[in-house]
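The next block holds one structure in the form of structure tokens; read it before the comments.
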Amino acid sequence: MAISGRIKIAEALKSATGITVTVKGWVRSKRGNKQVAFIALNDGSTIHNIQIVVDFSKISEEQLKPVTTGACLRATGTLVASPAAGQPVEIQADDIEIYGTADVETYPLQKKGHTLEFLREIAHLRPRTNTFGAILRIRHAMAFAIHYYFNEKGFRYIHTPLITASDAEGAGAMFRVTTLDMEQPPKNEQGKTDYTQDFFGRETSLTVSGQLEGELCAMALSEIYTFGPTFRAENSNTPRHLAEFWMIEPEMAFYDIHDNMNLAEDFIKYLVRYALEHCADDLKFLNDMYDKELIERLHSVVQTEFVRLAYTEGVDILLKSGEKFEYPVSWGIDLQSEHERYLVEKHFKKPVILTDYPKQIKAFYMKQNDDGKTVRAMDVLFPKIGEIIGGSQREENYDKLIERIKEDNMSTDTLWWYLDTRRFGSAEHSGFGLGFERLLLFVTGMTNIRDVIPFPRTPKNADF
Ligand code: 4AD
Ligand code: MG
């Protein structure tokens with residue numbers, strides 16, 4: 001058994017009665033009468049609490065006074081069948097040791113049912129709620145399943161740099177990394193900041209994507225994936241955007257866009273199935289408390305074949321829909337989430353993989369189609385979320401790639417190493433990026449991305 005005889009509450013709840021056990025955790029509630037107290041204890045190993053029954057003939061009422069909601073303690077006693085409904089066993093306490101008290105006047109989580117907005121203001125304490133316990137366990141399970149999935153398929157996990165001199169998405173919304181004195185930066189002859197004196201001798205930023213370095217490794221190891229934090233300084237204060245989010249980016253040599261779509265669909269279905277199998281208690285809690293259709297929706301995605309549709313056809317459907325959109329639709333626009341959700345939730349009623357977008361609205365590295373107008377992009381659009389995956393087949397032709405970089409007014413100075421893959425042993429290849437928190441929005445049924453990451457980074461918010 002675990003450290004100093006302690007067992008996890010998840011394990012205790014499944015154990016046979018009659019044995020002596022020690023559990024440690026945080027008090028969720030205490031109630032009782034003159035003879036006996038009932039303490040609901042949780043240690044985060046499961047959504048369920050274990051009930052500790054304290055008989056005042058064994059442990060005095062006085063000794064139990066500091067045991068209030070939020071306090072941390074050890075309880076040792078006999079595991080017995082519980083007469084109460086909804087719990088198989090409880091502990092008849094022989095001994096209680098209080099580790100840390102929580103003042104009734106100041107501990108913010110006294111009662112249940114706080115709003116998610118309020119909990120965001122106490123992000124340092126919200127892991128102690130049922131809701132965030134469930135979300136954090138599901139987040140862990142999904143991270144584990146991602147590594148499991150790719151490992152089984154022979155993909156290698158690559159660690160790509162977080163500090164970079166290139167802008168992978170060409171989006172230009174990056175966080176600068178510098179050690180220069182911001183009050184008095186050194187100037188060059190043109191009167192501009194002299195970055196040659198900066199730590200790396202050049203301008204650097206936090207990365208928006210590990211893809212470009214991922215491609216380098218795919219052109220050697222065939223199938224790779226990255227899974228790390230990415231950073232975007234775009235000022236989009238929406239329920240689906242974070243300034244710091246985690247992304248999974250597989251990249252595969254010898255895959256065309258169809259192989260890429262097949263992998264994306266299989267991958268997401270695997271993850272949802274994994275959650276249904278391994279996170280049943282937590283999903284049931286979230287289903288009951290927040291979203292009565294959650295589990296049904298998860299089952300339906302696993303069983304449905306995703307629609308595959310060209311952007312041009314998608315735009316036609318939107319134009320003919322007769323729907324009043326806030327942003328008008330025309331060929332060439334970057335679809336807004338209202339458009340994506342119309343296609344997914346109203347028109348097809350299932351996930352949609354939209355392909356072959358206009359090249360102007362997509363990144364420079366996507367493979368150009370022969371029509372000269374579109375590129376071999378693929379976005380996976382999900383109910384309630386909109387875009388969950390963005391990816392493409394990559395442009396493997398050196399000259400065409402250079403042409404696109406020039407069209408986008410980007411500089412080749414910081415990309416020469418990327419271009420080298422197209423000069424030496426280039427090949428057809430593809431990849432995509434799954435936003436980890438967007439996946440978690442879907443799996444947990446939460447509606448605000450700030451609620452599926454422990455400590456969200458959003459505009460004007462880096463407190464915790
Ligand atoms: O579509 P994006 O920008 O694609 C890329 O970064 C490519 N380099 C991926 C690749 O092909 N390897 O981002 C990919 C996904 C989006 O579909 C979305 O799920 C998520 O990342 N995402 C965000 N999630 C939270 N907050 C943000 N600000 C996000 N921006 C993108
Ligand atoms: Mg995208």
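Source: prediction; values computed, not measured.
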Distance alone, cut at 3.5 Å: any donor-acceptor contact between the side chains of [X] and [Y]?
X	Y	value
Asp379	Tyr311	no
Thr68	Tyr107	no
Ser45	Glu11	no
Arg202	Thr204	no
His429	Glu215	yes
Asp198	Thr178	yes

Backbone N or O of [Y] within a donor-acceptor pair of the [X] side chain at under 3.5 Å?
X	Y	answer
Glu437	Trp246	yes
Arg126	Pro454	yes
His339	Tyr327	yes
His114	Pro108	yes
Glu340	Glu387	yes
Glu338	Glu326	yes
Glu345	Lys384	yes
Asn287	Ile295	yes
Arg28	Arg128	yes

Check your understanding: Has Lys58 got more than 12 heavy atoms of other residues, nucleotides or ligands less than 6.0 Å from its NZ?
Key -> yes
Review point. More than 12 foreign heavy atoms under 6.0 Å from OH of Tyr148: is that the case here?
Key: no
[X] side, atom [atom1]; [Y] side, atom [atom2] - distance, nearest 0.5 Å:
X	Y	atom1	atom2	answer
Glu251	Met219	CD	CE	9.0 Å
Ile59	Ile52	CD1	CD1	10.0 Å
Thr101	Leu73	OG1	CG	11.0 Å
Phe199	Ile163	CZ	CD1	8.0 Å
Thr444	Leu286	OG1	CG	6.5 Å
Glu203	Met174	CD	CE	10.5 Å

Are any non-hydrogen side-chain atoms of [X] and [Y] less than 4.5 angstrom apart?
X	Y	value
Thr69	Leu109	no
Pro161	Thr164	no
Glu223	Phe254	no
Asp451	Phe132	yes
Val21	Thr76	no
Leu79	Ile50	yes
Leu318	Leu335	yes
His258	Asn260	no

Point to revise | side chain to side chain contact (heavy atoms under 4.5 Å, CB included) evaluation trace for Thr129 with Leu119 | key: CA-CA 9 Å; Thr129 61; Leu119 293 178; 4.0 Å; yes
Distance-minimising heavy-atom pair for [X] and [Y]:
X	Y	answer
Asn42	Thr46	ND2-O, 3.2 Å
Phe382	Val344	C-CG1, 3.6 Å
Val177	Ser205	CG2-C, 3.7 Å
Ile158	Cys217	CG2-SG, 3.9 Å
Trp417	Ser166	CZ2-OG, 3.8 Å
Val443	Val272	CG2-CG2, 4.5 Å

Review point. Does the pair Lys367 and Asp256 meet the rule for a salt bridge (Lys or Arg N to Asp or Glu O under 4.0 Å), with working shown?
Key: CA-CA 10 Å; Lys367 186 172 173 68; Asp256 68 11; over 6 Å; no
Point to revise | Candidate pair Arg232 and Thr230, rule side-chain hydrogen bond (donor to acceptor under 3.5 Å, both in side chains), full reasoning | key: CA-CA 7 Å; Arg232 298 196 184 178; Thr230 49; 5.3 Å; no
Check your understanding: What orientation do Tyr270 and Tyr149 show, parallel under 30°, tilted 30 to 60°, or perpendicular over 60°?
Key -> tilted
Point to revise | Parallel, tilted or perpendicular: rings of Phe175 and Phe231 (30°, 60°) | key: perpendicular
Point to revise | Among Met366, Lys362, Gln393, Arg394, side-chain contact (heavy atoms from CB on, under 4.5 Å) partner for Arg376 | key: Gln393
Point to revise | Single hit among Phe267, Tyr157, Phe144 for ring-ring contact (aromatic ring centres under 6.0 Å, His included) with Phe150 | key: Phe267
Study note, to complete from the structure: Tested for side chain to side chain donor-acceptor pair (under 3.5 Å) against Tyr225, the lone hit among Glu249, Lys153, His147 is His147
**Study point:** From CA spacing to verdict: side chain to side chain contact (heavy atoms under 4.5 Å, CB included), Phe436, Arg139
**Key:** CA-CA 9 Å; Phe436 189 46; Arg139 190 177 164 107; 3.7 Å; yes
Practice item. Give the C-alpha distance, both sets of side-chain angles, the deciding distance and a yes or no for salt bridge (Lys or Arg N to Asp or Glu O under 4.0 Å) between Lys269 and Glu265. Key: CA-CA 6 Å; Lys269 285 179 174 171; Glu265 183 167 343; 2.8 Å; yes
Practice item. List the steps, then state whether side chain to side chain contact (heavy atoms under 4.5 Å, CB included) holds for Val23 with Asp43. Key: CA-CA 8 Å; Val23 293; Asp43 67 0; 5.8 Å; no
Please tabulate, for the side chains in residues 31-39, all donor-acceptor contacts under 3.5 angstrom to protein atoms that are two or more places apart in sequence or on a different chain.
{"from": "Asn33", "atom 1": "OD1", "to": "Gln35", "atom 2": "N", "distance (Å)": "2.9"}
{"from": "Asn33", "atom 1": "OD1", "to": "Val36", "atom 2": "N", "distance (Å)": "3.0"}

Practice item. Under the side chain to side chain contact (heavy atoms under 4.5 Å, CB included) rule, what do Thr160 and Thr207 come out as? Steps first, then yes or no, please. Key: CA-CA 9 Å; Thr160 50; Thr207 190; over 6 Å; no
**Study point:** Pairs touching residues 292-302 that satisfy side chain to side chain donor-acceptor pair (under 3.5 Å), sequence neighbours left out
**Key:** Asp291-Arg297
